[in-house]
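Residues take their numbers from the sequence shown, with the count starting at 1. Since we're looking at a predicted model, the values are computed, not measured.
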Amino acid sequence: MSEPAKMPRRRKVAIALGLLPAIAAAFAGCSSAPSTGGSSTDPITIWGRSGASEVKPLVQAYEKAHPGQVVKYTPVADAQFLQKLSTAVRSNSAPDIVAFDLVNAPLLATEGLLEDISSKTSALGSGSPIMKPALDAGKVGGKQYSLPIAIGSSQMIWNKELFQKAGLNPDKAPANLAEVQRDAEAIHALSPTTYGFSTLGSAGGAYTGFPTMWADGGQLLSALGSKQKATWASSPAVAKDLLWLQQMWKSGVMPPTEAPNQDPGGQTMQMLDTGKIGIAFTGTWAISGADAQKLQWGYAAGIPGQSGKLSGFLGGDALGIVASSKHQSAAWNFLNWSVASKTAAKVVLSSGSVPSNTAQASALMGSDPAHSLEALRSARLPLSIAYNAVINDPNGPWTTAAQNVIFNGADPATVLPQAASSADKLIAAAYSQIGS
């Protein structure tokens, strides 16, 4: 799940709200043709969003472990994934399995595109080794529709060499946002072209902004469902932490952007590699190259808030069986193997992600020097069927408001309520279009 090296993989694509009716219609068109279980060794087809880099090697490993089993894998561009899936369902040419971004699990399940696998997953029970927040992302109305395979969380890292040069303790993480700011200023003082702080991904966005707010008790969205509302305007921690980012930007400790008033995250990886940034809010997938390189970095088990608590955004990929599949027995075998097999866990880990089976992950990662597993313990995932329109869309309500505060000095008391009102309308429209 190495976002610095594989940034397109985790920079989730905004999905137009207008796609929902097409998906709903697709399900309506296939619902009259019930699927069959088929044989457990039937050939199966899998579509995966192109960013899910672990899926192809999983398919190859599965075929090797199951001689005679045929699995046809097709990568689909992230931006086209839902549109192609809805078209395929309507034309009875959908795959048996889809591999998709974890944040889209509620949307696909609510639309009815995924098979209810509750009867198969019930055996997992409360003692399941699969990470619970990731597993719960695939649950709607008490029923399980998908299984997570590759996960990761937000994380703070710091350059030990720059800390030492600035007279800071290279082995001590900044404990809260005040210390992040203090240390960032000390590092920026070393040189005008050495920056104290940056984010990989959208500043104030879900992966690197939400964790500080959650750590400080902030709330962004109410519970998943047709009555869901954006709650960020009534949560003091949200405004407070956005204003902290605003101050970090104004102080000059963050690197300049290629275009005015845009997030600096896109160029941060290169600056990290060349030792030009001291502290970064990023993820457990960061700096996932050679072990020797890891020695340069310190890793926190999450991202701190002003309170000193840690939190993180849970990201990853999930597998679901398409409801119209006629090979559900064979499809389930693949899903089950992907979360239970040690071989599968090794494949996921080698792709830069953490296996969702934390028992396998713990055994394979040993002492976990980068604190990836520890960071996952405090990770959260806000669930919404309008998530992409509300949060991910660069022109959507959250990103527009957050970046207006950070880069333009806007007052949160003004822009956050306006953004929440827009978000509420998008959520209501999403449920209206699927008749829920």
Side-chain angles (χ1 to χ4, degrees), residues 12-25 82 101-112 133 136-142 201-214 216-243 245-246 263 311 313-315 380-408 410-436:
K12 304 175 182 74
V13 180
I15 299 169
L17 189 62
L19 181 61
L20 288 169
I23 300 178
L82 290 188
D101 194 314
L102 202 60
V103 300
N104 285 326
L107 172 65
L108 294 177
T110 302
E111 290 291 356
D136 287 348
K139 189 176 292 184
V140 173
S202 176
Y207 229 99
T208 58
F210 286 8
T212 65
M213 300 164 195
W214 286 330
D216 291 332
Q219 298 293 326
L220 283 302
L221 295 170
S222 62
L224 178 68
S226 59
K227 297 185 184 300
Q228 185 175 59
K229 300 289 184 183
T231 56
W232 56 64
S234 58
S235 187
V238 175
K240 188 175 181 181
D241 290 341
L242 284 176
L243 288 172
L245 282 166
Q246 182 189 92
D263 181 73
S311 190
F313 181 95
L314 178 67
R380 299 170 60 176
L381 177 63
L383 303 176
S384 177
I385 71 165
Y387 182 90
N388 291 285
V390 170
I391 305 297
N392 275 353
D393 187 341
N395 298 310
W398 172 259
T399 301
T400 300
Q403 300 212 346
N404 198 13
V405 172
I406 297 165
F407 300 114
N408 296 328
D411 183 358
T414 300
V415 299
L416 289 181
Q418 294 171 349
S421 178
S422 297
D424 291 347
K425 291 176 183 176
L426 289 171
I427 295 169
Y431 277 101
S432 174
Q433 290 182 50
I434 60 174
S436 298

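- Rounding to the nearest 0.5 Å gives a distance of 8.5 Å between CG of Leu426 and CG of Asp393.
- Between the OG atom in Ser311 and the CE atom in Met213 there is a gap of 11.5 Å [rounded to 0.5 Å].
- With rounding to the nearest 0.5 Å, the separation of CG in Asn104 from CG in Asn392 is 8.5 Å.
- A distance of 9.0 Å separates CD1 of Ile434 from OG of Ser226, quoted to the nearest 0.5 Å.
- In this structure, CD1 in Ile427 is found 4.5 Å from CD in Gln228, a value given to the nearest 0.5 Å.
- With Asp411 contributing its side chain and Ala413 its backbone, the two residues share a donor-acceptor pair below 3.5 Å.
- A 4.5 Å side-chain heavy-atom check between Val415 and Thr400 finds every atom pair outside the cut-off.
- Contacts of Trp398 classified as ring-ring contact (aromatic ring centres under 6.0 Å, His included), with partners at least two apart in sequence or in another chain: Phe210, Trp232.
- A heavy-atom distance below 4.5 Å is found between the side chains of Leu82 and Leu107.
- For the atom pair OG (Ser235) and CG (Asp216), the distance works out to 9.5 Å, reported to the nearest 0.5 Å.
- A heavy-atom distance below 4.5 Å is not found between the side chains of Leu381 and Pro133.
- A 4.5 Å side-chain heavy-atom check between Tyr431 and Ile385 finds at least one atom pair inside the cut-off.
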